[in-house]
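See below for the structure under consideration.
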2 protein chains.
Amino acid sequence: MTEDEFSHDSAHARPFIDAVIGMRLAIKQFYHQRIRKSEMSDLTYEMFQVMVVLWNKREANQQDLANAVQKNKASLTPLIDNLCKRDLVTRSTDANDRRNNVIRLTEKGKLYERYIHPIQKEFYELLLSEIDEEDLNAVTRILNKLVGRVSTE
Amino acid sequence: MTEDEFSHDSAHARPFIDAVIGMRLAIKQFYHQRIRKSEMSDLTYEMFQVMVVLWNKREANQQDLANAVQKNKASLTPLIDNLCKRDLVTRSTDANDRRNNVIRLTEKGKLYERYIHPIQKEFYELLLSEIDEEDLNAVTRILNKLVGRVSTE
DNA sequence: TTCTAACAATTAAACATTTAACTATTACTG
DNA sequence: CAGTAATAGTTAAATGTTTAATTGTTAGAA
């Protein structure tokens, strides 16, 4: 194997990596644009991710939130600061375990939930306008499989 | 359709989105860990991405670099600042068009290229240890297809 | 019971990202 | 040629991310 072949071979993951990075960016930009044009326009995409978890679970500690949105605990502190500042959530110390904060939706935060469905529906239909559901599920499965493999290294 | 069914339906993209986010995070963490343990340990993953483009193209203007790594022009300014600070690249005004800067590798920057191949090779082999090459290429194609569709909206 | 280990959240420092506005430069139009 | 439009890069302000260290709290072991 010559040096050209070696370097060519080792770059075979590049198209895949670029595709993943591109997909994530496209998702973020899609949602960001829709959020900005909705009644939730004071939310960033990152805050929105946290809110989605809370709309589903109603309340959670910060560690669980961090896990759910796949972010670092330390990143959650300013994110939740900003959500509190916008009166969308409250943060209180968990009486049963004072290492934990409980994050809950405010009434304002609960109202925002109604704006999420049309955006999610639009996104999902956009995906299905391009590929069929079987392929979408297959890609999801394969990605999760790869995550599992890469994460253990 | 009841409200439960409506909200359930509109969240069908969620597993896919989570998988994409997880995959990107896994890629970043994989490379970051390997870079930190290599001779390139003064590089962040983001700087590494820029360097990869330069190792391939030898020199580029900032706009092309930004496009290649799928980042915002404004993000490139501090990134390249930091690469210059580490004496890995130089930045000079393009004599043919003074709106452009030309970014070039230094000798030190060129030396770093030798450390990239083992990492890329390891990552690629990791992927192929979990799925076959056909599936990897199929996922790549589908993601790029979806990016194209989502980006035009 | 005491001590150690583990855990949640925060902090500091460095790095990164986005938007909008700006400046200097170049291209294009009339 | 003059004026307008477009472009590359920078800046400011706000937001976000990571690592390591820290503090306070709880769990577990002896």
Side-chain angles (χ1 to χ4, degrees), chain A residues 21 24-33 35-37 41-51 59-86 88-103, chain B residues 21-22 24-33 35-37 40-51 59-86 88-103:
Chain A
I21 290 169
R24 179 188 176 272
L25 187 60
I27 292 168
K28 184 177 166 181
Q29 285 173 342
F30 175 89
Y31 273 89
H32 179 69
Q33 196 204 36
I35 292 162
R36 190 178 46 191
K37 288 196 284 188
S41 61
D42 50 346
L43 284 190
T44 63
Y45 176 65
E46 287 77 20
M47 294 182 214
F48 172 79
Q49 286 180 296
V50 172
M51 293 295 284
E59 73 178 42
N61 62 36
Q62 287 178 216
Q63 179 72 289
D64 288 343
L65 281 175
N67 292 337
V69 297
Q70 302 183 63
K71 289 180 193 295
N72 193 288
K73 247 189 338 186
S75 299
L76 261 283
T77 302
L79 259 186
I80 290 166
D81 288 344
N82 277 313
L83 286 171
C84 287
K85 203 188 303 175
R86 286 161 173 74
L88 295 169
V89 307
T90 58
R91 177 201 263 131
S92 47
T93 306
D94 184 342
N96 294 317
D97 182 347
R98 283 185 298 170
R99 293 173 296 183
N100 283 333
N101 289 334
V102 185
I103 310 299
Chain B
I21 291 171
R24 180 187 176 270
L25 188 60
I27 292 168
K28 184 176 166 182
Q29 286 174 343
F30 177 90
Y31 273 89
H32 179 68
Q33 195 204 34
I35 292 163
R36 190 177 45 190
K37 288 196 284 189
M40 307 187 277
S41 62
D42 50 343
L43 284 190
T44 63
Y45 176 64
E46 287 79 20
M47 293 182 214
F48 173 79
Q49 287 180 297
V50 173
M51 292 295 283
E59 72 178 44
N61 62 35
Q62 284 175 221
Q63 179 72 286
D64 288 344
L65 280 175
N67 291 338
V69 298
Q70 303 182 60
K71 288 182 195 293
N72 193 288
K73 254 192 327 187
S75 300
L76 262 283
T77 302
L79 260 185
I80 290 166
D81 289 345
N82 277 314
L83 287 170
C84 287
K85 203 188 303 175
R86 287 161 173 72
L88 295 169
V89 306
T90 59
R91 179 201 263 131
S92 47
T93 306
D94 184 341
N96 294 317
D97 181 346
R98 281 185 298 171
R99 292 173 298 183
N100 282 332
N101 289 336
V102 184
I103 311 299

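Below, chain A is the first sequence line, B the second, and so on; all start at residue 1.
Proximity note for N101(B) (side chain, C-beta onward) versus dT10(D), dT10(C), dT17(D): the nearest is dT10(D). Listed nucleotides: dT10(D), dA6(D), dA16(C). Nearest to the side chain of R99(B): dA6(D). Side-chain atoms of Q63(B) lie closest to dG9(D) of the nucleotides dT25(D), dT18(C), dG9(D). Side chain of N72(A), nearest nucleotide from dT15(D), dT19(D), dT25(D): dT19(D). Among the nucleotides dT15(D), dT11(D), dT26(C), the one closest to any side-chain atom of A74(B) is dT11(D). Counting only heavy atoms from C-beta on, K73(B) has its side chain closest to dT10(D) among dT17(D), dT17(C), dT10(D). Comparing atom distances between the S75(A) side chain and each of dA9(C), dT26(C), dT18(D) picks out dT18(D) as nearest. Of all nucleotides listed (dA9(C), dT17(D), dT17(C)), dT17(C) comes nearest to the side chain of E46(B). Looking at the side chain of T77(B), the nearest of the listed nucleotides dT17(C), dT10(D), dT25(C) is dT10(D). Residue T44(A) places its side chain closer to dG16(D) than to any other of dA16(C), dT18(D), dG16(D).
Toward the 5' end of DNA chain D, the nearer of the two residues D97(A) and L25(B), judged by each one's closest nucleotide, is L25(B).
Across all strands, R24(A) comes closer than 4.0 Å to no nucleic acid atom at all (heavy-atom distances). In this structure, L79(A) reaches the sugar-phosphate backbone alone: every heavy-atom distance under 4.0 Å involves primed, P, OP1 or OP2 atoms, never a base.
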